[in-house]
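Worksheet: one structure, shown below.
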Protein chains: 2
Amino acid sequence: MRKVFLFMDTICNKVDGKGRVSLPSDYRAIVKDLSSEIVCYRSLSLPCIEGCLEETLDKLAADIENSTDFFSEAQDNLTNLVFGDAKRFPFDSTGRIMLSEKLLKHAGITNEAVFVGKGRKFQIWNPENWAKEEARIRAEALKNRPSLRSKENE
Amino acid sequence: MRKVFLFMDTICNKVDGKGRVSLPSDYRAIVKDLSSEIVCYRSLSLPCIEGCLEETLDKLAADIENSTDFFSEAQDNLTNLVFGDAKRFPFDSTGRIMLSEKLLKHAGITNEAVFVGKGRKFQIWNPENWAKEEARIRAEALKNRPSLRSKENE
DNA sequence: ATAACTATGGTATAACATGGGATTTTATGG
DNA sequence: CCATAAAATCCCATGTTATACCATAGTTAT
């Protein structure tokens, strides 16, 4: 049994006409090892799909369940929205999941999808959008940490 | 056996003349796996129906049994209110439950019902009302967390 | 070199939502 | 205790969609 799990790497796979796409094999290995399931939903702040293990969302649900008043609306309604948006995406014997129209549209994905590891979760992007996003993130990081910039010239 | 259970996704199903609606298949799978039952009641704070597993309400009943301090009295009253309102809704061989007139009226449901996952529970809405409610939640969230708005434009 | 795995296309099968009708149960009054 | 009407439950049929399965080609590891 694995002690830790990390969604890593950046992998681009084809999306066929039905919305089927191969889940990176490393991701599948995590799901199998932990006997869990992949859950995906629209990012609340970015034009991409987010995915994680079902047990990650379960922790959220447990917190809400144990809060003082189960019948009142959750303190953070936005958190609550995730459950309405999320859905299990089991992969078949060939390792593919079938992304819904809703998710694909939100991320602007058509023929190709880029899986980007984010540790406890991952994101799925339209390739062009991810290229822009990655450039933006790097620029942002350099701006905030000049020490990184200086090392660039070495 | 499943380690966790989460009511997720947002699904719109038809309500026929008899008040019958298909319970989303994912929800049915949870009920079967846990050998439990679906229980529904009127939301205490919103114009919608709420549903959960019978064992979820059972935990709350246990809490009342064990409650000693007077501070929990108000909480217990709310819970008891739900017990008076709740009822089992078993689904037939085709996966349908029959919602009562009382519940349908409270939620303003006629031809269509939207099931919205909320983790340990779910809600059933009139489609138009849910659209408004979701918009309201998102607007509220943006007001309280401007950081989400800034990222939206990227 | 060969075996195992991966990504990907195509097809067959099973499951789902939904309409309609038949049968059983429930409430109520004789 | 039975009779009756209403209502709830069950069963069958259908089109649609998702899922499981098969096949191939390219990679990687042994």
Side-chain angles (χ1 to χ4, degrees), chain A residues 2 7-33 37-41 49 51 54 86-105 109-117 122 124-127 130, chain B residues 2 7-33 37-40 49 51 86-105 109-117 122 124-127 130:
Chain A
R2 89 170 59 205
F7 292 111
M8 294 188 283
D9 210 352
T10 298
I11 287 174
C12 185
N13 284 339
K14 295 267 178 67
V15 179
D16 71 12
K18 304 179 188 173
R20 291 186 304 181
V21 61
S22 285
L23 193 70
S25 62
D26 289 350
Y27 294 10
R28 302 203 299 262
I30 292 173
V31 175
K32 280 183 188 168
D33 283 359
E37 291 274 353
I38 290 290
V39 164
C40 293
Y41 51 91
I49 301 167
E54 190 174 28
K87 186 178 177 307
R88 276 187 174 189
F89 286 86
F91 50 85
D92 62 24
S93 60
T94 65
R96 280 181 292 198
I97 59 175
M98 211 181 97
L99 295 171
S100 65
E101 195 55 47
K102 180 181 77 174
L103 293 180
L104 292 172
K105 188 180 171 190
I109 293 171
T110 54
N111 298 319
E112 290 182 315
V114 178
F115 291 79
V116 185
F122 61 89
I124 313 176
W125 288 79
N126 164 302
W130 168 243
Chain B
R2 90 168 59 206
F7 291 111
M8 294 188 282
D9 210 354
T10 298
I11 287 175
C12 185
N13 284 339
K14 296 267 177 68
V15 180
D16 69 13
K18 304 178 187 176
R20 294 184 302 181
V21 213
S22 285
L23 192 70
S25 63
D26 288 350
Y27 295 10
R28 302 203 298 263
I30 291 172
V31 175
K32 281 184 188 168
D33 283 359
E37 290 274 354
I38 289 291
V39 165
C40 293
I49 303 167
K87 184 180 176 307
R88 278 187 176 187
F89 287 87
F91 51 84
D92 62 23
S93 61
T94 64
R96 281 181 290 199
I97 59 175
M98 215 182 94
L99 295 171
S100 67
E101 197 54 47
K102 179 181 77 174
L103 294 180
L104 291 172
K105 188 181 172 190
I109 293 170
T110 54
N111 298 319
E112 290 182 315
V114 179
F115 291 79
V116 184
F122 60 88
I124 312 176
W125 287 80
N126 164 302
W130 168 244

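Remember, it's a predicted structure, so these values are computed and weren't measured experimentally. Chain letters run A, B, ... following the sequence lines, proteins first and then strands; every chain starts at 1.
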Polar pairs (N or O, both sides) under 3.5 Å between protein and nucleotides 26-30 of chain D?
none

Between N or O atoms, less than 3.5 Å apart, protein on one side and nucleotides 15-24 of chain C on the other: list the pairs.
unit_1	atom_1	unit_2	atom_2	d
C:dA17	OP2	B:Arg28	NH1	2.7
C:dA17	OP2	B:Arg28	NH2	3.3
C:dT18	OP1	B:Lys14	N	3.4
C:dT18	OP2	B:Asn13	OD1	3.4
C:dT18	OP2	B:Lys14	N	3.2
C:dG19	N7	B:Arg96	NH1	3.2
C:dG19	O6	B:Arg96	NH2	3.0
C:dG20	N7	B:Arg20	NH2	3.3
C:dG20	O6	B:Arg20	NH1	3.0
C:dG20	O6	B:Arg96	NH2	3.4
C:dG21	O6	B:Lys18	NZ	2.1

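Of the inter-residue distances, the one linking A:Cys40 atom SG with A:Leu103 atom CG reads 6.5 Å to the nearest 0.5 angstrom. Annotation: the span from B:Thr10 atom OG1 to B:Phe115 atom CZ amounts to 11.5 Å, rounded to 0.5 Å. The line from NZ of B:Lys105 to CD1 of B:Ile49 is 13.5 Å long, rounded to the nearest 0.5 Å. Interatomic distance, A:Asp16 CG to A:Asn111 CG, rounded to the nearest 0.5 Å: 10.0 Å. If you take SG on A:Cys12 and CH2 on A:Trp130, they are separated by 12.5 Å, rounding to the nearest 0.5 Å.
Axis orientation changes by 60° from one end of the helix from C:dA1-D:dT30 to C:dG30-D:dC1 to the other, with each end axis drawn from 5 pairs and the value rounded to 10°.
Using a 4.0 Å cut-off between charged nitrogen and carboxylate oxygen, A:Glu54 and A:Arg88 count as a salt-bridge pair.
In terms of heavy atoms, B:Pro127 sits closest to B:Glu112 at CD-O, 3.3 Å.
If you measure from atom CD of A:Glu112 to atom P of C:dG9, you get 11 Å, rounded to the nearest angstrom. Taking atom CD of residue A:Glu37 and atom C1' of nucleotide D:dT19, one finds them 14 Å apart after rounding to whole Å. Rounded to an integer number of Å, the gap from CG of A:Asp92 to P of C:dG10 is 16 Å. Rounded to whole Å, the distance from CD1 on B:Ile97 to P on D:dC10 is 14 Å. The CE atom of A:Met98 sits 15 Å away from the C1' atom of C:dA14 (whole-angstrom rounding).
No side-chain heavy atom of B:Phe89 sits less than 4.5 Å from a side-chain heavy atom of B:Val21.
Not a single donor-acceptor pair under 3.5 Å links the side chain of B:Arg96 to the backbone N or O of B:Leu23. A donor-acceptor pair under 3.5 Å is formed between the side chain of B:Tyr27 and the backbone N or O of B:Met8. A donor-acceptor pair under 3.5 Å is absent between the side-chain atoms of B:Asp9 and the main chain of A:Lys87, judged by distance alone.
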